[in-house]
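Below is one structure, written out as C-alpha cells; the observations come after it.
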Amino acid sequence: MTLSTERPPAAPAPRPARPRWWRRPWVAPLMVVAAAFLAFSLPPYLSLDPAQSRVPAPAFFPPHFVMLSLHVVFGSIAMITCCLQIWPWFRARFPRAHRRIGRVYVFGGCLPSGLLGLTVGLATPFGPVTMASDVLLALLWLGCTLAGWRMARRRRFADHRRWMVRSFALTMSIITNRLYSVLFAILLEPQLATTFHGDVSLYMSTVAALGAWLGWTLPLLAAEWWLERTGAARRRRRTS
C-alpha cells in the first residue's frame with residue numbers, strides 16, 4: 001500500500017472587494033461644495049472686466065487681472081477633475097478614464113494654474129507675508145502634483161496615491177483659504193479703529209495673510225495625518 005504524496009490544490013486567493021460608491025459618503029458633499037465655490041468664484045473672472053476682480057490689481061503689474069483670471073480658470077479645472085480622481089469607486093470602475101482625467105488634472109489644471117499662481121503670488125497687493133505663503137503654496141502644489149505623476153509613470157502606485165492626496169489637499173485649500181479670510185475679517189473688524197489705527201490696508205493685509213497661511217497649512221497637515229493613520233493601519237493588517 002502506497003501513500004500519495006500529492007497535496008490538494010490550494011484554494012484560490014479571494015479577490016479584493018471593489019469599493020462601493022456609497023461607502024465614501026464625503027465624495028458627494030465635496031463635489032457640491034466645490035461646485036458651489038466655483039459658481040461663486042468663477043464668474044467675475046470670466047467677465048473679462050477687471051473691475052469685478054476680487055483681488056485689487058497692483059499698479060506695478062498691469063497683466064495681473066489676465067494672469068489671475070487664467071489662474072482661476074485652470075484652478076477650476078483642477079478642482080473639478082480632482083473630485084473624480086479621489087473617488088475610489090470611480091478609480092476601480094473606470095481605470096482608463098481615471099488615467100485620462102489624471103492627465104487633464106496635472107497638465108490642464110495644476111501645472112498651468114500653479115505657474116500662474118506663482119507669478120500672481122509674487123505680485124500680490126497684500127504684502128510680503130501673504131506673498132511668502134502664495135509662493136510656497138504654488139511651489140508645493142507643483143512639486144506634489146509632479147511627484148505623483150512621476151510615481152504613476154514608474155508604476156509605483158502606492159507612492160502615487162500618497163503624493164496625490166497631498167496635491168488634492170493643496171488644490172482644495174483655496175476653499176478653506178476663503179473661509180478663514182471671511183472668519184478673520186469678521187473677528188478683526190471691531191479692532192479696525194484700535195489695533196489697526198483705522199488703517200484699512202493694514203487690516204486687509206492681516207486678514208489676507210492669516211487666511212493664506214492657515215488655508216493650506218491645515219489641510220496639508222490633515223492630509224499627512226490621514227496618510228500616516230491609513231499607512232499604520234495597513235502595516236498592522238499585514239503583520240497580523
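By convention here, the first residue in the shown sequence is residue 1.
Y105 and T145 are not linked by any side-chain donor-acceptor pair at a separation below 3.5 angstrom, with hydrogens and angles left out of the test.
Rounding to the nearest 0.5 Å places CG of L116 at 9.5 Å from CG of L68. Taking CG from L38 and CE from M79, the interatomic distance works out to 4.5 Å, rounded to the nearest 0.5 Å. Distance check, rounded to the nearest 0.5 Å: CG of L221 to CG of L214 gives 10.5 Å. Here CG of L137 is found 12.0 Å from OG1 of T130. Values are rounded to the nearest 0.5 Å. To the nearest 0.5 angstrom, R156 atom CZ is 13.5 Å from R161 atom CZ. R155 contributes atom CZ, which lies 11.5 Å from atom NE2 of H160 (distance to the nearest 0.5 angstrom).
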Atom pairs and distances, donor-acceptor, side-chain atoms in residues 46-53, under 3.5 Å, two or more places apart:
| residue | atom | partner | partner atom | Å |
| --- | --- | --- | --- | --- |
| S47 | OG | P44 | O | 2.6 |
| S47 | OG | D49 | N | 3.3 |
| D49 | OD1 | A51 | N | 3.1 |
| S53 | OG | V55 | N | 3.2 |
| S53 | OG | V55 | O | 2.9 |

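A pairwise comparison of heavy atoms in F168 and C82 identifies CD1-SG, 3.2 Å as the closest pair. Minimum heavy-atom separation, S76 to L42: OG-CD1, 3.5 Å. For the pair I77 and T81, the tightest heavy-atom approach, listed with the atom from each and the gap, is O-OG1, 2.8 Å. Scanning all heavy atoms of the two residues, the minimum distance from C83 to A34 falls at SG-CB, 4.0 Å. The minimum heavy-atom distance between S181 and G211, with the atom names listed, is OG-CA, 3.8 Å. The two residues A223 and V165 have their closest heavy-atom pair at CB-CG1, 4.0 Å.
No side-chain heavy atom of F74 sits less than 4.5 Å from a side-chain heavy atom of L111. With a 4.5 Å cut-off on side-chain heavy atoms, T171 and C110 count as touching. Using a 4.5 Å heavy-atom cutoff, the side chains of R93 and F90 are not in contact. The shortest side-chain heavy-atom distance between M164 and S167 falls under the 4.5 Å cut-off. Taking the side chain as every heavy atom from C-beta outward, T195 and L188 never approach each other to under 4.5 Å. Considering only heavy atoms from C-beta on, L118 stays 4.5 Å or farther from D134 through its side chain.
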Requested in this report: Could you walk me through whether R154 and R150 pass side chain to side chain contact (heavy atoms under 4.5 Å, CB included), step by step?
Outcome: CA-CA 6 Å; R154 296 178 180 179; R150 289 185 64 191; 2.3 Å; yes

Query raised in the report: side chain to side chain contact (heavy atoms under 4.5 Å, CB included) between R166 and L227: does it pass, once the steps are laid out?
Result: CA-CA 9 Å; R166 299 179 180 109; L227 287 171; 4.0 Å; yes

Query raised in the report: When you look at R91 and Q85, which way does the side chain to side chain contact (heavy atoms under 4.5 Å, CB included) test go after all the steps?
Result: CA-CA 7 Å; R91 292 199 306 265; Q85 291 302 91; 5.9 Å; no

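Annotation: ring pair (Phe, Tyr, Trp, His ring centres under 6.0 Å) contacts involving residues 126-149, sequence neighbours excluded, comprise F107-W149. Sorted by first and then second residue, the ring pair (Phe, Tyr, Trp, His ring centres under 6.0 Å) pairs with a member in residues 174-224 read F196-Y203, W213-W216; sequence neighbours excluded.
The existence of a salt bridge linking R229 and E224 is excluded, since no basic side-chain nitrogen approaches an acidic carboxylate oxygen closer than 4.0 Å.
M131 and V129 sit in two unconnected hydrophobic clusters of ILVMFWY residues. Membership requires side-chain heavy atoms under 4.5 Å apart, directly or through other members. The hydrophobic cluster containing L170 does not contain M151, counting ILVMFWY residues as joined when their side-chain heavy atoms lie under 4.5 angstrom apart, directly or transitively. Residues I86 and I80 share a single hydrophobic cluster, defined by chaining ILVMFWY side chains whose heavy atoms lie under 4.5 Å apart. No continuous path of ILVMFWY side-chain contacts below 4.5 Å connects L115 to L122, so the two sit in separate hydrophobic clusters. Cluster membership check: W89 shares its hydrophobic cluster with I101, using side-chain heavy-atom separations under 4.5 Å among Ile, Leu, Val, Met, Phe, Trp and Tyr.
Summarising the local packing, CZ of R54 is surrounded by more than 12 heavy atoms from other residues, nucleotides or ligands at distances under 6.0 Å.
Aromatic ring orientation, H64 versus F61: perpendicular (interplanar angle above 60°, classes split at 30° and 60°).
Side-chain atoms of T124 never come within 3.5 Å of backbone atoms of G121 as a donor-acceptor pair (strictly under, hydrogens ignored).
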